[in-house]
Amino acid sequence: MCTVLGIEKCSFPMEQVVESLARTRSRGPDDERIYQAGEGLLGFQRLTIMGLSEKGMQPFKLGNSMVVCNGEIYGFRPVKTELIARGYRFESNSDCEVLLPLYKEYGTDMFRMLDAEFAMVLYDGDKDQFVAARDPIGIRPLYYFIQKDGSYIFGSEPKNLISLADGQILPFPPGCYYADGKITRYCDISAAGPSTGSDPEAAAQNIKKLLVRAVAKRMDSDTPVGFLLSGGLDSSLVCSIAARLTDKPIRTYAIGMDVNPIDLKYARETAEYLGADHTEVIMTKDEVLSSLRDIIKLLGTFDITTIRASIGMYLCCKYIHEHSDIRVILTGEVSDELFGYKYTDFAPSPEEFQKEAAKRVRELNCYDVLRADRCISVNSLEARVPFGDLDFVHYVMSLDPSIKMNIYHKGKYLLRHAFEQGGWLPESILMREKAAFSDAVGHSMVDDLKAYAETMYTDEEFEKRRQMYDWCRPFTKESLLYREIFEEFYPGQAKMIPAFWMPNPTWPGCKVDDPSARVLANYGTSGI
């Protein structure tokens, strides 16, 4: 990961800007620069992944213009070849160096042309204006604040902006760009395009082809690549595909509690089947509770399920950072939003299933993708998300929702069926029921968190203190604890999160008081 900072009109002392950038140094520990850009500034912190030489350091410049980008531009080499044919010259092997020539050629139309995960801030020196943009899913983070004079400040994380903003910080909407003083949508990835059919067999074949291609793209790195392996379907498929794309063992990592770590045995089974170089990380109750404040600070959220699921991911990535040379991590996020959760088994119709999927995809940047970015980047690693590949998401969202629903007595059937032939995974893994990651690291972790929160407030204190919050009012002692810690680090910034992540309460069987799938009637053997 890297950090980008853009201040359209800067009236802050330079030491204040330097301090705001320093808050995310773990995102880009290798180098740091701040440049004047018109009346404003561009700042960048680099985590070296592609183009390892000094010449790959940003901002990149072309004429009077500059750009800083936290991103991976997939397929940049043929783009670069085409731009060279048009007369452009390049100094580095960085994928992001193609951005200014593309902007010169196509202006803001270039954003819809990119096959990329990105958040960028660009200074157009010819027009003396700032341009900012974010990828359609929001895999790379970007936040903004509007100053009193109407000018914008952009940063990779709220931490960059909290000392500069005197009002509401907001996530920059995915699939949008800022130019000419306004934010414009260039892509709605959650909207279903023209139907690609309702034949499950054809769908499964295409799902397999597109996911294999998505993983292959994301293994292109000038630094070592590793894999988070939970033993669930999604991360196991990513690892299985990657293992076939390389001639040496992939490096996989799994984490679990020291008490009943459900996922570890399945991750171990998968790793052995794939011949992976596998590492198990064990965490304890004391580590969970002692890391809670740090995790809420690094996340910038009070959401219950995001915080629970972040604890294992953060501690696993911390281990990877401290014990390996890996810099790129492939993960299994985004699959649930496309193919369904346990609770979407209760969807009352295909139309409702599709509507729920679209909502979850639109909000990914506030929940699972936010979790993956922060837990990985705070440990100076880069996250890549094959299930978030734009071609893959477009295709799955355009499938007839009637074949994506659980009409097969097996959740995510299309995805499972796509890899049923060819020995991609053991049957026990491919057809394993879904277990929520925060539960599957060991049921004791969530129980420990709930029990700890119970000790913090009497019933009377809980009722009184939760009333202090109008936006996303806490509804359990655990949610109140998280909210109060959040407010210490991000006072008054709760609207960065749209709502608590919960199953759709309007559906039968989904009006529950906890986000864990464990409370659903259909959880069954998922946690075994």
Side-chain angles (χ1 to χ4, degrees), residues 117-119 133-144 156-158 168-176 183 185-192 234 296 299-310 313 331-344 346-347 351-375 383 385 387-390 392-394 396-398 401 404 434 436-438 471-473 475 479 482-483 486 490 493-507 510 512 514-517:
E117 302 161 359
F118 69 90
R134 192 177 186 190
D135 68 73
I137 290 178
I139 288 173
R140 298 304 170 96
L142 190 65
Y143 290 78
Y144 73 101
S156 286
E157 293 190 28
Q168 184 64 57
I169 298 167
L170 291 170
F172 191 86
C176 292
I183 295 175
R185 180 165 297 284
Y186 69 86
C187 176
D188 183 359
I189 196 76
S190 68
D234 307 325
I296 293 174
L299 289 173
T301 188
F302 49 81
D303 178 62
I304 303 164
T305 194
T306 304
I307 292 167
R308 289 176 181 174
S310 292
M313 183 175 249
T331 76
E333 274 73 31
V334 186
S335 173
D336 291 340
E337 289 73 16
L338 299 174
F339 294 101
Y341 294 86
K342 293 296 290 187
Y343 84 86
T344 55
F346 296 101
E351 293 74 22
E352 282 293 305
F353 181 97
Q354 184 74 8
K355 200 160 89 175
E356 189 74 4
K359 177 181 185 294
R360 291 305 185 196
V361 169
R362 280 196 304 273
E363 295 179 349
L364 261 166
N365 71 106
C366 298
Y367 302 107
D368 276 10
V369 162
L370 179 151
R371 164 175 56 83
D373 173 82
R374 302 303 193 281
C375 292
V385 188
F387 283 101
D389 183 80
L390 298 183
F392 186 82
V393 174
H394 273 299
V396 178
M397 288 300 293
S398 68
K404 291 184 285 187
K434 177 177 173 55
F437 177 64
S438 54
W471 183 266
C472 296
R473 179 166 288 157
F475 59 96
S479 63
Y482 298 164
R483 181 60 175 274
F486 170 88
Y490 304 95
Q493 299 296 340
K495 289 186 178 180
M496 295 190 299
I497 306 301
F500 288 109
W501 192 103
M502 294 287 285
N504 189 326
T506 67
W507 291 356
C510 294
V512 292
D514 191 285
S516 171

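Just so you know, these numbers come straight off a predicted model, no measurement behind them.
Side chains of Pro174 and Pro136 form no contact here, defined as non-hydrogen atoms less than 4.5 Å apart. Side-chain contact between His394 and Ile189: present, with at least one pair of heavy atoms (C-beta onward) separated by less than 4.5 Å. The shortest distance between side-chain heavy atoms of Thr305 and Ser516 does not fall below 4.5 Å. Taking the side chain as every heavy atom from C-beta outward, Val385 and Val369 never approach each other to under 4.5 Å. Side-chain contact check for Phe172 versus Asn365: every heavy-atom pair is 4.5 Å or farther apart. Residues Val393 and Glu337 fail the side-chain proximity criterion, which asks for heavy atoms closer than 4.5 Å. Looking at heavy atoms from C-beta onward, Pro515 lies out of side-chain contact with Tyr367 at the 4.5 angstrom threshold. The closest side-chain heavy-atom distance from Arg473 to Ser479 is not below 4.5 Å.
Applying the ring-ring contact (aromatic ring centres under 6.0 Å, His included) criterion to Phe339, with sequence neighbours excluded, gives no partner residue. Under the rule for a salt bridge (Lys or Arg N to Asp or Glu O under 4.0 Å), the partners of Glu333 that lie at least two apart in sequence or sit in another chain are Arg371. Here Phe500 pairs with Phe302, Phe475 under the ring-ring contact (aromatic ring centres under 6.0 Å, His included) rule; sequence neighbours left out. A search for side chain to side chain contact (heavy atoms under 4.5 Å, CB included) contacts involving Gln168 returns Leu170, Gln493, Lys495, Met496, not counting sequence neighbours. Partners of Asp135 by salt bridge (Lys or Arg N to Asp or Glu O under 4.0 Å), not counting sequence neighbours: none found.
In the model, Asp188 has a side-chain atom that pairs as donor or acceptor with a side-chain atom of Ser190 under 3.5 Å.
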- Is there a side chain to side chain contact (heavy atoms under 4.5 Å, CB included) between Ile139 and Arg134 once you walk through the steps? CA-CA 8 Å; Ile139 288 173; Arg134 192 177 186 190; over 6 Å; no

- Any chance you could lay out the side chain to side chain contact (heavy atoms under 4.5 Å, CB included) test for Tyr482 and Asp303, step after step, and finish with the verdict? CA-CA 8 Å; Tyr482 298 164; Asp303 178 62; over 6 Å; no

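Contact detail for Pro158 and Tyr490: the closest heavy-atom pair is CB-CE2, 3.8 Å. Closest heavy-atom contact between Ile497 and Gly300: CD1-O, 4.0 Å. Heavy atoms only, all atoms of each residue included: Glu356 and Asn504 are closest at OE1-ND2, 2.9 Å.
Distance check: Thr301 OG1 to Leu370 CG gives 6.0 Å after rounding to the nearest 0.5 Å. To the nearest 0.5 Å, atom CG of residue Leu390 and atom CD1 of residue Ile137 are 6.0 Å apart.
For Phe392 and Phe387, the distance between ring centers is under 6.0 angstrom.
The closest donor-acceptor contact from the side chain of Glu157 to the backbone of Tyr143 lies at 3.5 Å or more, if one exists at all. At distances below 3.5 Å, at least one donor-acceptor pair connects side-chain atoms of Thr344 with backbone N or O atoms of Tyr341.
Salt-bridge check for Asp336 with Lys342: failed, with every basic side-chain N at 4.0 Å or more from each acidic carboxylate O.
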Output side-chain donor-acceptor pairs under 3.5 Å for residues 357-364, partner residues at least two apart or in another chain, one line each.
{"residue": "Lys359", "atom": "NZ", "partner": "Glu363", "partner atom": "OE1", "Å": "3.1"}
{"residue": "Lys359", "atom": "NZ", "partner": "Glu363", "partner atom": "OE2", "Å": "3.4"}
{"residue": "Arg360", "atom": "NE", "partner": "Tyr343", "partner atom": "OH", "Å": "2.9"}
{"residue": "Arg360", "atom": "NH2", "partner": "Tyr343", "partner atom": "OH", "Å": "3.1"}
{"residue": "Arg360", "atom": "NH2", "partner": "Met502", "partner atom": "O", "Å": "2.4"}

